[in-house]
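Following: one structure in structure tokens, then a few remarks.
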Amino acid sequence: QVQLAESGGGLVQPGGSLRLSCAASGSIGSINPMGWYRQAPGTQRELVATITSGGYTNYADSVKGRFTISRDNAKNTVTLQMNSLKPEDTAVYFCNARIRGSYFYDPLRDYWGQGTQVTVSS
């Protein structure tokens with residue numbers, strides 16, 4: 001019954017900024033990594049950025065230098081600051097978290113948010 005709650009999507013002009021947030025709740029032991037993926041119509045889902053509990057980050061080449069991912073381990077949240085947005089950033093953004101449950105018998109599995117729309121257009 002782990003849930004990921006996303007917020008921050010919307011419409012922005014090219015060159016603008018948006019801030020996406022995701023909070024995990026439920027029976028959680030650890031989250032590693034946590035991050036964001038995106039999917040545009042007619043395309044496959046692709047990685048945007050992830051971050052481990054230790055702060056190691058991984059960015060898609062297309063967003064390096066423009067996006068910054070961070071997390072608060074105590075609050076089980078992850079934030080994606082998106083600057084210098086381009087039309088090609090338009091997609092549904094999904095929060096992803098690889099979670100180990102709080103009990104010894106809980107498996108390690110991926111959880112996904114419902115998706116939040118990001119549209120970059122003039």
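Met34 and Val92 end up in different hydrophobic clusters when Ile, Leu, Val, Met, Phe, Trp and Tyr side chains are linked at under 4.5 Å.
For Gln117 and Thr119, the side-chain atoms include at least one donor-acceptor pair closer than 3.5 Å. No side-chain donor-acceptor contact under 3.5 Å links Asn73 and Ser53. Judged purely by distance below 3.5 Å, without hydrogens or angles, the side chains of Ser21 and Ser7 never pair a donor atom with an acceptor atom.
Within a 6.0 Å radius of CD in Gln44, other residues, nucleotides and ligands contribute 12 heavy atoms or fewer.
Here the CZ atom belonging to Arg38 is positioned 9.0 Å from the OG1 atom belonging to Thr43, to the nearest 0.5 angstrom. The CD1 atom of Ile69 sits 6.0 Å away from the CD1 atom of Ile51 when rounded to the nearest 0.5 Å. Taken from CD in Glu46 to CH2 in Trp36, the straight-line distance is 14.5 Å, to the nearest 0.5 Å. The line from OG of Ser121 to CG of Leu85 is 12.0 Å long, rounded to the nearest 0.5 Å. Summarising the geometry, atom CD belonging to Gln39 is positioned 5.5 Å from atom CZ belonging to Phe94; distances are rounded to the nearest 0.5 Å.
Residues forming a side chain to side chain contact (heavy atoms under 4.5 Å, CB included) with Ser84 (at least two apart in sequence, or on another chain): Arg66. By the ring pair (Phe, Tyr, Trp, His ring centres under 6.0 Å) test, Tyr37 is found to be paired with Trp112, residues two or more places apart in sequence or in another chain being considered.
Asn32 is not listed as a side-chain neighbour of Arg98, based on a closest heavy-atom distance of 4.5 Å or more. Contact annotation: the side chain of Ser17 approaches that of Gln81 to within less than 4.5 Å [non-hydrogen atoms, C-beta and beyond]. Considering only heavy atoms from C-beta on, Pro87 comes within 4.5 Å of Pro14 through its side chain.
Using a cutoff of 4.0 Å between basic side-chain nitrogens and carboxylate oxygens, Lys64 and Asp61 are scored as salt-bridged.
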